[in-house]
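Just below is one structure, and these are the notes that go with it.
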Amino acid sequence: MDLNVPKHIAIIMDGNGRWAQEKGKSRFYGHYAGAEVVEPITLKAKELGVSYLTLFAFSTENWKRPREEIDVLFKLFKEYLIRKEESILKNGIKMKFIGRKDRIPKDLLQYMEDIEQKTRKNSSIILTLAVDYGGLDDITRAFNKLLKEKNEVTQEDIKKALDTCFLPAVDLLIRTGNEKRISNFLLWDLAYAELFFCEKYWPDFTPEDLCMIVEDFSKRKRRFGAVQPVDMI
Ligand code: IPE
Ligand code: IPE
Ligand code: MG
C-alpha cells in the first residue's frame, strides 16, 4: 500500500518533566533527554518524505515557569544548535524559527539567525522550531501589522502576516505526553489538521512511533467539509 505521507507535521513535544520526575530525577534531566529525540525524529520524517516538520520548543506561556527552568531551556537550545550544526548541514536540513524575538536571550537569537542563514539554501526538510511562540500572539502581531496597511483583510492577507507565512497548513498534529490539548500552538494553521495524541512522554518517542502515526494518518479520510464521491448515495 502506498503511504499517504503528510506534507507538514507539527509536534507538541510534551512530557519531559514528568518523564524525569518518574525516574526520581530533576525536570532538567528530562529536557536534556527530550532534546536528544529531535534529531532521530527529524531524520525519520525526512526519510518518510515529510517536507515540513514544526516543533513546539517553548510557548509564550512557558515564561510562567521558574526562572531556573527557563534558563536551563534557553541554555539547552543554544548548546543544541552548536552541537548539531554539523549534522543539520550534512543532512541538508533547512532550519527556521517562529515566535517572538524580543524576549529571548540575545546570544541564543544570534545562533538562531546564524543557522537560519547557513541553511537557507537547504531543502531536504524544513525544520521549524517554535521558540517563545503562541498562536494567539502570532495572530495578534499579524493583526497589528495589517492595521497599519489595510482596513479590510482576507484570509490570505492574515496568513502572509503570520510568522508561519512560509509554512503550508498543518496536515498532522502530534502531541506526546498524554494531554489532549493544543496549548496555544499553531492556531491558524491547525484549522484542518488531523490530530494524534500519544500517551508516551517525549523522551520515549521513537522513529517507529512516528512511522506508526503516519500509517494511521494515511488511512484517515480527510473531507475538508465536502462530501467524497464514494460517500454519496
Ligand atoms: C515539554 O515538556 C517541554 C517544554 C514545555 C519546554 P514539559 O516540561 O512540559 O514536561 P511536563 O509536561 O511537565 O511533563
Ligand atoms: C506545550 O506544553 C508547550 C511545549 C511543548 C513547548 P506545556 O507543558 O507548556 O502545555 P500545558 O501547560 O500542559 O498546556
Ligand atoms: Mg508539559
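This chain uses plain numbering: 1 for the first residue, then up along the sequence. In what follows, every heavy atom counts, from backbone to side chain, and hydrogens, waters and symmetry copies are set aside. Remember, it's 1-based here, ligands and their atoms both numbered in the order they're listed.
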Does NZ or CZ of K23 come closer than 6.0 Å to the centre of the six-membered ring of Y29, within 45° of the ring's axis? no
How close do G30 and A20 get, heavy atom to heavy atom, and via which atoms? N-CB, 3.5 Å
For M13 and F56, the nearest pair of non-hydrogen atoms, with its separation, is CE-O, 3.2 Å
If you count only heavy atoms, which residues are under 4.0 Å from ligand 2? I12, M13, D14, F56, A57, F58, N62, R65, R175, R181, S183
Polar side-chain atom of D14 near backbone of R175 as donor-acceptor pair, under 3.5 Å: no
D157 versus T154, side-chain donor and acceptor atoms under 3.5 Å: yes
For the residue pair T164 and D189, confirm or rule out a side-chain donor-acceptor distance under 3.5 Å. yes
Give the ring-plane orientation class for Y52 versus H8, where under 30° counts as parallel, over 60° as perpendicular and anything between as tilted. tilted
Kindly assign one of parallel, tilted or perpendicular to the pair F77 and F58, based on the angle between their ring planes and the thresholds 30° and 60°. perpendicular
Please confirm whether the ring centroid of W63 lies under 6.0 Å from the ring centroid of F74. yes
The number of protein N, O or S atoms lying under 2.8 Å from the Mg ion (ligand 3) is 1
Numbered in order shown, the ligand 1 atoms found under 4.0 Å of a heavy atom of H31 are 3 (C), 8 (O)
Got T176 and K200 here, is their nearest side-chain heavy-atom distance under 4.5 Å? no
